[in-house]
Amino acid sequence: MPKKKMRQLLEELESDTVDELDDDLLAVYRALRKTGVEILLSESERVVRSIDASEPPKFVSAILLSDVPSIIAKPKDPDQVRRCVQLCRRHGVPLVVRGAASSAFGAVLPPDGGLVLDIGELAGILSIDRERLLVNVLSGTRWADLSLELKKSGLALKSSPSSLFSTIGGWFSTGGIGINSFSFGEISRHVRQINVVFPNGKAASLSPKDPRFKLFMGTEGQLGVVTELILSVRLAPKYTRALLLQTSTDAHAFRLIVSVLRSGMPLAHMLYFDENRCKEINRLTPIPGKPLHEAPAVLLQIEGDSLEALEPRLPADVSWSAAPEFMANLLWNERYFPMRGRRHGPGMLGAELIVPLSSMPRYLARIRKLGRMFGVNVTSDAHILSDGEALVLSFFNTDQRRQIMYSIHAALSMLITRVGIEFKGRPYAIGVWNQPFSSFVISRERMDELRRRKQELDPDDLFNPGKFLSTSSKLSTTFGIFLKERIPLFALGSLLAAAEFIGRLSRSILSVGRREEPSPLDLSLLACARCGACVSVCPAYIVTGRELVTGRGKLLIARRIMNGEMPSEAEAREIFLCMKCRACEEVCQTRLPLLSAYEELEEILEAEFGRPKELIEGFVAEVEASPEYERLMYDGVISPDAGIKEGESDAV
Ligand SMILES: Cc1cc2nc3c(=O)[nH]c(=O)nc-3n(C[C@H](O)[C@H](O)[C@H](O)COP(=O)(O)OP(=O)(O)OC[C@H]3O[C@@H](n4cnc5c(N)ncnc54)[C@H](O)[C@@H]3O)c2cc1C
Ligand code: SF4
Ligand code: SF4
């Protein structure tokens, strides 16, 4: 008899959870199983899918976000997506679409007792048309995978998020601004077609000319599922060069930026780093000393077809000094790791706003001052989007173990957003957390139109309920009412006035009771940014389809164990399914000591349940024989030397 495949085996191990489903969910479950849609039911898988990259204070989570879905559906093709949506509609089951869950504003948080439509495996590049420079992808395809494939044909993405591990559909459904947005604009400008499933279960192909196309731009999965996209790509540039110019003040840095913009330089992208961010980069860079001058910095990424084109005429009307070329390259590579500083928190909070360039120096000075009042260093960097605006990412370290201080710091995040609005800025995304500011993100006419279409297409409010188009907003509880539109603006205005006092309080709380050096597991479960970068490169995930086996999944379960919630024996077994290949450590946003953390976690579980030797042996054999593992090795994601060694397999 052929050996059972890992997915089938794990599915059987968790099948007794079916009894806990109510009649409607059971009907959806049975019908989906019949049509071959993969379903996950284990509690750990559901808990792992009840979070995104945000980490609100505990009291807020308890009131607003304690929801855990009942079923995870993992469609592999658009037809299966349609089937899932139709069945949810027929049985009144609420659902949320989930990509890589790397967004941090609560947009992907699931409805209680509902279904998570996990499109992480609705992935694949369907075609690359080198002549017409078009590529057709399934929406769960990760940016990193597409970029690698394009490189092989001499092509390149026009733009991408810093989170290269996120899905193409996810970025389209949120803001779509990131690397190279300076030269290519938002992602919607280079999408030529989307295939979608509406909340009524009907499918359609929409070009940008179709008025329904806009219903899917930045609406965070509330008006349907994007299943496929045709993107326009470009020939890879022949030559590129990074230049790093530093100035003495922010005012000079932004005058320099304006001057560069006027010069007509062949810029692909331009980034700004404030002084605090430069200090942080020095602290995190494995080069002794302080290789980066701790002053405002402007990074220019230039592209051209000849070396001469890369010799720009730099502005002479503002004083600046050029940093060494290796530093410029280092910062350009840093673009994929905006959260590296988190491990010194071990928590991190912040705000993302689009701010007019003309307000930038005053905005930055104000939020840094606000941070100092609260005893934290606010570090900022910004993507320059045009000669008018920049997308500013501001972060500060905090410690979520001290919940009073953490709650005050969460309020500081909102205060930073409030300050940005005073300077004519607007939050970048809405999700749940920025609902009080939604009128600054989406104009009243567009919001009215979206709400009207939501009513028409999804009258039972099943699609991504609790979000900004929903009739039952997550913010409709007692606490939520406090956060509703006008009240928070007033409340935050008053809070801003009282910031000095609150800041003093926060500083005194911050200064007491420093903890000792944490173990690798303690550090990792606290400092994990929940970004999901480790998921897409994990061979164990690729073979099992379970998030529990990935870095993010294991650390979430470790947290629950620390809070006294042991997983079931069946779930505990899955945690041992790991190739020890280190691919997760290589891509980790926070550079966590993940392998040592896993060892600690396995010791805890082994003491409780023993080690599932047979399961591990079958798993290792299946992974090593899988074409995906070979591909990961071929692409250099996994080193041929990594992984469980012969000598170690006895221990297995
Ligand atoms: C380290 C880091 C760097 C980041 N850099 C950037 C950046 O440069 N620019 C930027 O914009 N963001 C950035 N983000 C935020 C986030 O990564 C992006 O918003 C991301 O592209 C979202 O994709 P996702 O697959 O993670 O979507 P998810 O977080 O899973 O989902 C986001 C929203 O889209 C909806 N959705 C997802 N897929 C679909 C679909 N197929 N159809 C319909 N709705 C869908 C979900 O319901 C949810 O509302 C960053 C995050 C991290 C952790
Ligand atoms: S070591 Fe490899 S198999 Fe294990 S969690 Fe990390 S990426 Fe996955
Ligand atoms: S382990 Fe690292 S890569 Fe994985 S979610 Fe946490 S911070 Fe991100």
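Below, all heavy atoms of this structure are taken into account, side chains as well, without hydrogens, waters or symmetry copies. Counting from 1, the numbers follow the sequence of the chain as shown. No experiment lies behind these values; they were computed from the predicted model shown. Whatever order the structure lists them in is the order used to number ligands and atoms, beginning at 1.
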* To do: Applying salt bridge (Lys or Arg N to Asp or Glu O under 4.0 Å), name anything that partners Arg335, two or more places apart in sequence or on another chain.
  => none
* Asked: Which of these passes side-chain contact (heavy atoms from CB on, under 4.5 Å) with Ile575: Ile604, Leu601, Val549?
  -> Leu601
* Can Tyr598 be said to touch ligand 2, with heavy atoms closer than 4.0 Å? -> yes
* Could you pull out, from Gly106, Ser102, Ala533, the option with a heavy atom nearest to atom 16 (C) of ligand 1? => Ser102
* When you measure from atom 6 (Fe) of ligand 2 to every protein heavy atom, which one gives the shortest distance, and what is it? -> Cys584 SG, 2.3 Å
* Got Asp461 and Lys454 here, is their nearest side-chain heavy-atom distance under 4.5 Å? -> yes
* Of the listed options Ala540, Cys581, Ala583, closest to atom 2 (Fe) of ligand 2 (non-hydrogen atoms) -> Cys581
* Asked: If waters are left out, how many protein N/O/S atoms lie within less than 2.8 Å of atom 8 (Fe) of ligand 3?
  -> 1
* Asked: Any N or O of Pro161 that comes nearer than 3.5 Å to an N or O of ligand 1?
  -> no
* Check whether the side chains of Thr227 and Asn195 place a donor and an acceptor atom closer than 3.5 Å, and report yes or no. => no
* **Residue pairs involving residues 188-203 (criterion salt bridge (Lys or Arg N to Asp or Glu O under 4.0 Å); sequence neighbours excluded)** => none
* To do: Please determine if Ala107 has a nitrogen or oxygen closer than 3.5 Å to a nitrogen or oxygen of ligand 1.
  => yes
* What do you reckon, does Ile179 have a nitrogen or oxygen under 3.5 Å from a nitrogen or oxygen of ligand 1? -> no
* Structure fact -> Heavy-atom proximity to atom 19 (O) of ligand 1, picking from Val108, Thr167, Thr174, points to Thr174
* Asked: Is the Phe213 to Phe172 ring centre distance short of 6.0 Å?
  -> yes
* Taking the six-membered ring for Trp and the full ring for Phe, Tyr or His, determine whether the centres of Phe468 and Phe437 are under 6.0 Å apart. => no
* Ser519 and Glu600 side chains, donor-acceptor separation under 3.5 Å -> yes
* To do: Return a yes/no value for Pro338: is any of its N or O atoms, backbone included, closer than 3.5 angstrom to an N or O of ligand 1?
  => no
* Close N or O approach (Trp171, ligand 1; < 3.5 Å) -> yes
* Any N/O/S atom, backbone or side chain, of Cys578 lying under 2.8 Å from atom 4 (Fe) of ligand 2? -> yes
* Only heavy atoms count here, so choose which of Ser162, Gly140, Pro110 is nearest to atom 5 (N) of ligand 1. => Ser162
* Structure fact -> Across all chains, not counting sequence neighbours, the side chain to side chain donor-acceptor pair (under 3.5 Å) partners of Gln400 are Glu55
* Please verify whether a non-hydrogen atom of Glu585 lies at under 4.0 Å from ligand 2. => no
* Name the closest protein heavy atom to atom 8 (Fe) of ligand 2, giving the residue it belongs to and the distance to 0.1 Å. => Cys538 SG, 2.4 Å
* Under 3.5 Å, N or O to N or O, is Ala53 touching ligand 1 that way? -> no
* Purely on distance, is any nitrogen or oxygen of Ile177 under 3.5 Å from one on ligand 1? -> yes
* To do: Starting from atom 3 (S) of ligand 2, locate the nearest protein heavy atom and write down its residue, its atom name and how far away it is, to 0.1 Å.
  => Met579 N, 3.2 Å
* For ligand 1, is there an N or O atom under 3.5 Å from any N or O atom of Met339? -> no
* Asked: For Arg98 and ligand 1, does the shortest N/O to N/O distance drop below 3.5 Å?
  -> no
* Polar proximity ligand 1 side, Ser103 side, N/O cut 3.5 Å exclusive -> yes
